[in-house]
Amino acid sequence: MATPFYRVVPGSKVDLDRIDPADVSPFTRREDAEAAMAADLLRLRDLQEQFYVDGRYALLLVLQGMDTSGKDGMLRHLSGGLNLAGSEVTSFKAPNSDELDHDFLWRVHRRVPARRRVGIFNRSHYEDVLVVRVNNLVPRPVWRTRYTQINEFENILVQNGVIILKCFLHISKDEQKERLLARLEDKDKLWKLEPSDLAARKQWDSYQEAYEAALAKCSTKEAPWYVIPANRKWFRNYAVTRLMVETLESLSLKLPVPKIDPTEFTIV
Ligand code: AMP
Ligand code: MG
């Protein structure tokens with residue numbers, strides 16, 4: 001089966017216009033994707049337990065994407081497969097004054113999951129080359145050097161046992177319009193909207209450019225970027241779950257040698 005995500009080849013250019021956000025291949029029917037995904041969620045639960053007892057690694061899933069691309073929905077979905085006891089989510093907002101007084105990776109490094117744990121970043125250090133770049137929040141020479149700094153930082157993490165998966169939830173501008181309108185029209189969803197979301201939509205092209213740069217410069221062999229077609233929520237859920245399952249399966253996780261021989265063990 002073809003993989004349902006695009007791994008950005010290290011060193012290659014990225015043209016997001018050439019990746020269809022509505023792609024659902026290899027599926028043609030939503031029901032098929034949902035059945036495969038349900039099986040993967042169960043598998044993820046088992047794999048996370050093996051991952052925990054294996055103890056060699058931490059897993060960090062980075063979620064990035066435009067407003068309404070489904071980062072929050074993705075978290076809700078994954079919560080159906082991950083054990084809360086071994087997981088943690090960090091949602092990165094605009095930095096506070098304490099955070100701004102440190103290097104941009106300071107607040108990020110302290111949220112990196114410990115060995116055995118699965119950490120999910122809802123936004124991340126990539127905001128420091130996305131919103132920061134698009135809005136000139138720091139001078140250009142400052143954000144330009146961050147791509148290399150990010151690669152070096154992630155490389156340190158990988159060398160210390162952190163498996164890093166970075167997913168860009170790719171939606172089209174039309175799909176975002178639909179989702180923003182749905183929020184505007186639904187009084188129960190209106191709270192989700194911020195004036196800054198509408199401002200960011202006006203900067204759509206600059207954001208796509210900033211994403212292309214981040215994906216191209218920071219997809220490394222050690223910590224690759226994946227583009228997830230995300231116009232269809234069910235496909236997005238399937239693809240990210242599959243990626244996590246494939247990644248965990250590739251680790252040849254080992255259960256510890258049992259301390260007890262069950263044939264010699266009786267419970268009185
Ligand atoms: P939300 O994900 O909707 O809760 O929004 C979080 C907001 O925080 C978004 O507008 C982000 O662009 C913003 N944000 C996150 N990280 C940074 C950062 N490093 N610098 C500036 N803004 C940020
Ligand atoms: Mg928002």
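In what follows, residues are counted from 1 in the order of the sequence shown. Remember, it's 1-based here, ligands and their atoms both numbered in the order they're listed.
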(request) Give the numbers and elements of all ligand 1 atoms closer than 4.0 Å to a heavy atom of Val131. (result) 12 (O), 20 (N), 21 (C), 22 (N), 23 (C)
(request) Select one of side chain, backbone, both or neither to describe which atoms of Asn122 lie under 4.0 Å from any atom of ligand 1, heavy atoms only. (result) neither
(request) State the atoms of ligand 1, each with its element, that fall below the 4.0 Å cut-off from a heavy-atom position in Asp128. (result) 19 (N)
(request) Decide whether Phe92 and Trp106 are clustered together by the hydrophobic rule: side chain heavy atoms of Ile, Leu, Val, Met, Phe, Trp, Tyr closer than 4.5 Å, transitively. (result) no
(request) Run through Asp72, Asp67, Asp128 and flag the one making a salt bridge (Lys or Arg N to Asp or Glu O under 4.0 Å) with Arg123. (result) Asp67
(message) Please list, in number order, the atoms of ligand 1 under 4.0 Å from a heavy atom of Val132.
(response) 20 (N)
(request) Could you check Tyr6, Tyr126, Phe168 and say which one makes a ring-ring contact (aromatic ring centres under 6.0 Å, His included) with Trp225? (result) Tyr126
(request) Using only heavy-atom distances, determine whether the side chains of Asp17 and Gln208 contain a donor-acceptor pair under 3.5 Å. (result) no
(message) Check this for me - ligand 1, Pro95, N or O atoms closer than 3.5 angstrom, yes or no?
(response) no
(request) Determine, considering heavy atoms only, which of Arg123, Arg107, His125 sits nearest to atom 16 (N) of ligand 1. (result) Arg107
(message) Out of Glu127, Glu99, Lys71, who is nearest to atom 17 (C) of ligand 1 when you count heavy atoms only?
(response) Glu127
(message) Under a 3.5 Å cutoff, is there a donor and acceptor pairing between the side chains of Asp23 and Ser25?
(response) yes
(request) Indicate yes or no: at least one non-hydrogen side-chain atom of Ile156 is less than 4.5 angstrom from one of Glu152. (result) no
